[in-house]
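Chain letters run A, B, ... following the sequence lines, proteins first and then strands; every chain starts at 1. This is a predicted model, so every value here is computed, not measured.
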Amino acid sequence: MQLYKNQELKIYNSLTSKKEVFKPINEGYIGMYVCGPTVYSNVHLGNVRTFMSFDMVFRYFKHLGYKVRYVRNITDAGHLENDADEGEDRIAKKARIEQIEPMEVVQMYTVDFHNTLNKFNFLPPSIEPTATGHIIEQIEIIKEILDKGLAYEVNGSVYFDVHKFNKTHNYGKLSGRNLEDLIHNTRTLDGQSDKKNPQDFALWKKAEPQHIMRWPSPWSDGFPGWHLECTAMSTKYLGEQFDIHGGGMDLKFPHHECEIAQAEACNNQSPVNVWMHANMLTLNSQKMAKSTGNNILPNEIFTGKNDKLSKPFSPSVTRFFMMQAHYRSILDFSSVAIEASERGFNKLMDAINTLSKLEVSKNTTNFNISSWKQSCYDAMNDDFNTPILIAELFSAVKFINQVKDEKATISQEDFDILTSTLNVFVFDVLGLQNVSDNDASGSNKLSDTVELLINMRAEARANKDFALSDKIRDELADIGIQLKDGKDGTTFTTN
RNA sequence: GGCGUCUUGGCCGAGUGGCUAGGCAGAGGUCUGCAAAACCUUCUACAGCGGUUCGAAUCCGCUAGACGCCUCCA
């Protein structure tokens, strides 16, 4: 189904600071590159938010019927701690500290990254290339840039000549900076003696003797500069020009700016049509960061083991919490905020579970299904506005409850549209998971047992033996099983 | 210091030059043996000051505050 032919999608382009109607280079196909994690520690919830934003984007593209090649890299080398001469590879540093092999660090945190994203129900990208797997490609790009005269070699290291590049190109067009300002305002850092100018950045760094991650190159045994890997891998898998490049807001400058410079230096054309930047997740209204310790780990969310949390929260609740904010807005994490989301999430899931049990009528009252459906698309078409989409979903929730209470009716045709549309947006696009599905699949013995107790309690209530019925109810509650008395009998939830 | 973003009701969080965001909480109600849950209804708003306009929370300017980037960062 090529839904994209009927839906006009607008995306905010960081390059132009405007929402633009999205037109892929090749109709029906999308090339999308997203900067992945540096695998030197566990991903925190802030990292997860960025990747989740693009997971949602990927999901919506797929739903619209596009064939998407989604490339998300793993940075497993070449990521300088700083740009100074004694710059050290982050992975290598961690390996030395823990006395293990660099690849061991990479393996450990790559596995953790995948496990974490799986828990959050991420779709895997089409290609997940690693920096160390593309050293040759990176060396080739450096050669190309040297040939063009836009880089220079000093003591076995190669630097990009930003000043020279800027004479024929526009360095700073993505982040709205100009070179003059940068020259006057760059903070002074130690040990930049090799560079002609502080704005220059490393393409290749010569490895010091103690440096354990190194590769041979025409210039030295060393390692590639951080910005280079993304240029190498995006070019290799998506071409010299592709549709979408995404990443966290904090990568806009200098990382993405440098990517543009490298690609333009090589190919003389702007590599990316639409730049998308996902905003930060904050904690205590400050950016989550590995370095400062101001962060929270996914596992701490799932277990509740963090003094900032009042209780555990499921991956889907966390996902719902994030989807309630627009991807370009800063979102502040707090226990109170996610608790509120959890209640809303449960309400949504309850309604979806109710839906399948509704009785259909001859016609539909109180609700215009087809215009509601288009409203859902309109929300997503407006730069992936998931908060608006969720608001639309809740108007369907309200309607479902009205039908349940026999205050409205729904026709078979509308019932089918409502069901399929809800499934599309809740599960396919937002990527949420229905908790009751898990219960049903895994714990039949539990539910049979509780059913037994529910029946016993019903008998006791019928006999007006309220002491016994309340005992059953309260003691189940102590175990964490809550009984819910409804019109059509008693159901239960676990927590 | 430079560049940029943001400031919405008790909380979270959308959006728009005139028309209901939504969720949570609060209040009232329905249901119930009682409760819980669920559902229904409902109140509180656009940082401050000026300007543009028939009309601005929405556009412009100033002020205050917060945050991000400028160094590794999702």
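Atom C1' of nucleotide B/rC24 and atom CZ of A/F345 are separated by 16 Å, given to the nearest angstrom. Taking atom CG of A/D200 as the reference point, atom P of B/rU71 lies 13 Å away to the nearest angstrom. The nearest whole Å value for the distance from the CZ atom in A/F333 to the C1' atom in B/rG13 is 15 Å. Here B/rC3 presents its P atom at 16 Å from CG of A/N170, a figure rounded to the nearest Å. Residue A/M322 contributes atom CE, which lies 14 Å from atom P of B/rA74 at whole-angstrom precision. Atom CZ of A/F313 and atom C1' of B/rC12 are 13 Å apart (whole Å). At whole-Å resolution of the value, CD in A/E342 and C1' in B/rC11 are 16 Å apart. With rounding to whole Å, A/N73 atom CG is found 10 Å from B/rA74 atom P.
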Show your working on ring pair (Phe, Tyr, Trp, His ring centres under 6.0 Å) between A/F165 and A/F160 and close with a plain yes or no. CA-CA 8 Å; A/F165 173 80; A/F160 190 93; 5.3 Å; yes
Let me see the working for A/F333 and A/F321 under ring pair (Phe, Tyr, Trp, His ring centres under 6.0 Å), right down to the final yes or no. CA-CA 9 Å; A/F333 182 88; A/F321 165 73; 5.6 Å; yes
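Backbone-only contact: A/L331 has heavy atoms under 4.0 Å from sugar-phosphate atoms and none from a base. At a threshold of 4.0 angstrom between heavy atoms, the contacts of A/Q286 are confined to the sugar-phosphate backbone, with no base atom among them. Residue contacts for A/K290: at a heavy-atom cut-off of 4.0 Å it reaches the sugar-phosphate backbone alone, with no base atom in range. Heavy atoms of A/A325 sit under 4.0 angstrom from primed sugar atoms or phosphate atoms, though from no base atom. If you check every strand for non-hydrogen atoms under 4.0 Å, A/M249 touches nothing.
For A/E257 and A/K173, the salt-bridge test fails: no basic side-chain N is under 4.0 Å from an acidic carboxylate O. Ion pairing between a basic and an acidic side chain is recognised when a charged N comes within 4.0 Å of a carboxylate O; A/D485 and A/R473 show no such pairing. Ion pair A/R319/A/D55 flagged as a salt bridge, since at least one NZ, NE, NH1 or NH2 atom sits closer than 4.0 Å to an Asp/Glu carboxylate oxygen.
Rounded to a whole angstrom, the distance from the C1' atom of B/rA45 to that of B/rG2 is 35 Å. Taking the P atoms as reference points, B/rC19 lies 28 Å from B/rC62, given to the whole Å.
Picking from B/rC70, B/rG23, B/rA74 the nucleotide with the shortest atom distance to the side chain of A/A340 gives B/rG23.
A close approach under 4.0 Å does not occur between any side-chain nitrogen or oxygen of A/S175 and OP1 or OP2 of B/rG4.
The one candidate from A/D250, A/T282, A/N279 that meets the side chain to side chain donor-acceptor pair (under 3.5 Å) condition with A/K287 is A/D250.
Both tests do not hold together for A/R72 against A/F58: distance to the six-membered ring centre under 6.0 Å, angle to the ring axis within 45°.
The base-pairing partner of B/rG22, taking Watson-Crick or G-U wobble contacts with both distances under 3.5 Å, is B/rC12. When both distances must be under 3.5 Å, the Watson-Crick or G-U wobble mate of B/rG28 is B/rC40. In this entry B/rC69 has B/rG2 as its Watson-Crick or G-U wobble partner, both defining distances falling under 3.5 Å. For B/rC62, the paired base is B/rG48 (Watson-Crick or G-U wobble, both distances below 3.5 Å).
The NZ atom of A/K290 lies 4.0 Å from the OG atom of A/S41; values are rounded to the nearest 0.5 Å.
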Go along nucleotides 31-39 of chain B 5' to 3' and tag each nucleotide: B for a protein heavy atom under 4.0 Å from its base, S when only backbone or sugar atoms are that close, - otherwise. -SBBBBBSS
What is the per-nucleotide protein-contact pattern of nucleotides 15-21 of chain B, from the 5' end, where B denotes a base atom under 4.0 Å from a protein heavy atom, S denotes such proximity for sugar-phosphate atoms only, and - denotes neither? S-----B
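Taking the ring centroids of A/Y109 and A/H114, they lie at or beyond the 6.0 Å cut-off. Aromatic pair A/F384/A/Y12: ring centres not closer than 6.0 Å.
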